[in-house]
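Numbered from 1 within each chain, the chains take letters A, B, ... in sequence-line order.
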There are 2 protein chains.
Amino acid sequence: MSQPDTKTRILDAAEKLFAQDGFHNTSLRGITGLAKVNLAAVNYHFGSKDALLQAVIERRIIPLNRIRQQKLEAVLDQAKSAGKSPAAENLLHAFIEPTLAFRNSGPGAVDFIALIGRALSEPDETVRNCFIQQVLPLFTLLFSSLAQALPELPAHILLTRLQFTMGALSHVMCLSARPPLQLPGFPEPLVDERLAEELIGFVCQGLEAPC
Amino acid sequence: MSQPDTKTRILDAAEKLFAQDGFHNTSLRGITGLAKVNLAAVNYHFGSKDALLQAVIERRIIPLNRIRQQKLEAVLDQAKSAGKSPAAENLLHAFIEPTLAFRNSGPGAVDFIALIGRALSEPDETVRNCFIQQVLPLFTLLFSSLAQALPELPAHILLTRLQFTMGALSHVMCLSARPPLQLPGFPEPLVDERLAEELIGFVCQGLEAPC
DNA sequence: CAAGGATTCAAACGAGTGTTTTAATCACAT
DNA sequence: ATGTGATTAAAACACTCGTTTGAATCCTTG
């Protein structure tokens, strides 16, 4: 079996270590050691550590965003052709389900999901800005779609509740790359599809609450 | 006016910088510079950077946990003396409201809230374990109380939904130390008490959803 | 006032960081 | 085969990090 090329090996190793240890806790020597490439290869192929992070994120978030946008627009189109407002549950499903399903899209994908799940709470602007820039258009679409779905909800309340939703989703994304953290006295929490459905139901109830 | 003593000045500066830049992005030189003390003072008074983090967290989380435990037990006692199960909403209120109100308990408190809001998604075990160790007993109490309040809910579903709740709460805690992030086309989200009430209502709906 | 422990200070240590440099090697077109 | 540009390799760069050292200073107690 032939190894992937140098760029891919670096991206794979960086994705894993960024997700596992965080961006600033990960050294280029750790990445190049894991990828079995020379230390200078990172700066040769990507230019800098910051640019490597951006490449790691973009490699996966662009296809993921395409999927989420397609599913959102499908819900909007279907509602439009039925002459009705889209249902909040369908919109949330279109956004959340592909996000969590993406964890099973291949080796390393679960690391990526954990990485961007932490991006929102990342103190460093390098990581946060890189992520926000990529996800803002989609977030805007989701927000305006939900405003259609819940016309009686004031916009600032909707935005606040959407922040809660993003917090819950981000947390689930982070957890999915960590060992389940078994504690005595606690049951095992849900995983995979059941988890996605449960999360969608949870935030749906919260978003649709009277105000 | 007399300055606080060296230990307090270090704790205050460390709290602010840990919250702002993260534990590993914060250098002892940054802390001692802001605190206007000598570099070696940290190791003299606290022993190490890790021990300083623990001191920063414990200084505030011990009083905060005492408040939350008191409020939780008050809800439990009141339900017991009324011969009824506690209401999930009251339990959530007892846990969440003091947490967010704590942001206004003094200068620097909002930084602390942001710091422990990020603790759950922190990749570094130093930070995460230090936090989990402090909060686990309280979390256990909240979990078992909610199990009483929602006896028809299977334990693993309850735990899963409680994870969603912690995600939403953590995210709000993180955001509270950042500038509101005004974006064109988006309204201003809620702040302060209104925010706490909105969050409690949100997670309450989600927790009580049928399953 | 004098003694002695607590605290502060400047300086340095060794290890680790991202990045750059320069030469060696590879793959492919002529 | 030969030369050429792309890639890899080893080494060093300048810098920051947490920690330690040993002397200077402060403050309290006798």
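Counting to the nearest Å, the C1' atom of D:dC17 and the CG atom of B:Asn43 are 12 Å from each other. Put simply, CG on A:Leu17 is 15 Å from C1' on C:dT17, counting in whole angstrom units. The interatomic distance linking B:Ile10 (CD1) with C:dT8 (C1') rounds to 11 Å, in whole Å. B:Leu53 places its CG atom 17 Å from the C1' atom of D:dT19, with the value rounded to the nearest Å. The distance from atom CG of A:Asn25 to atom C1' of C:dT17 is 12 Å, rounded to the nearest whole Å. Distance CG (A:Leu52) to C1' (C:dG18): 12 Å, rounded to an integer number of Å. D:dT19 atom P lies 6 Å from atom CG of B:Leu28, rounded to whole Å. Across the protein-nucleic acid pair, B:Asp21 atom CG and D:dC17 atom C1' stand 15 Å apart, rounded to whole Å.
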Could you go over nucleotides 9-14 of chain D and give all protein N or O partners under 3.5 Å, atom names and distances?
none

Show the distances under 3.5 angstrom between N or O atoms of the protein and N or O atoms of nucleotides 4-7 of chain D.
unit_1, atom_1, unit_2, atom_2, d
D:dT7, OP2, A:Tyr44, OH, 3.0

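Side-chain rings of B:Phe95 and B:Phe139 stay apart, their centers remaining 6.0 Å or farther from each other.
For the residue pair A:Arg9 and A:Lys36, the shortest heavy atom distance occurs at NH2-O, 3.1 Å.
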Quiz item: Should B:Thr126 and B:Asp124 be marked as a side chain to side chain donor-acceptor pair (under 3.5 Å) after you check the CA-CA gap, both sets of side-chain angles, and the distance that decides it?
Solution: CA-CA 5 Å; B:Thr126 308; B:Asp124 188 309; 2.7 Å; yes

Quiz item: Taking it one step at a time, do A:Arg118 and A:Ser170 satisfy side chain to side chain donor-acceptor pair (under 3.5 Å)?
Solution: CA-CA 7 Å; A:Arg118 198 170 44 228; A:Ser170 298; over 6 Å; no

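For the pair B:Ser27 and D:dT16, the criterion of a side-chain N or O lying under 4.0 Å from OP1 or OP2 is not met.
Nucleic acid contact for A:Thr32: none, since no nucleic acid atom lies under 4.0 Å from a heavy atom of the residue.
The backbone N or O of B:Pro4 sits nowhere less than 3.5 Å from a side-chain atom of B:Thr8 that would complete a donor-acceptor pair. Under a 3.5 Å cut-off, the side chain of B:Arg60 and the backbone N or O of B:Ile57 do not form any donor-acceptor pair. The backbone N or O of A:Ala40 lies less than 3.5 Å from a partner atom in the side chain of A:Asn38, making a donor-acceptor pair. In this structure a side-chain-to-backbone donor-acceptor pair under 3.5 Å is present from B:Lys49 to B:Thr26. Side chain of A:Arg161 to main chain of A:Leu207: a donor-acceptor pair is present (N/O by atom type, distance under 3.5 Å, no hydrogens or angles).
By the 4.0 Å N-to-carboxylate-O rule, A:Arg59 lies close enough to A:Glu15 to be salt-bridged with it.
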Quiz prompt | Watson-Crick and G-U pairing of DNA chain C, under 3.5 Å, as dot-bracket with | and [ ] | solution = |.||||||||||||||||||||||||||.|

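Applying the 6.0 Å contact sphere to CD of A:Glu89 captures no more than 12 heavy atoms from other residues, nucleotides or ligands.
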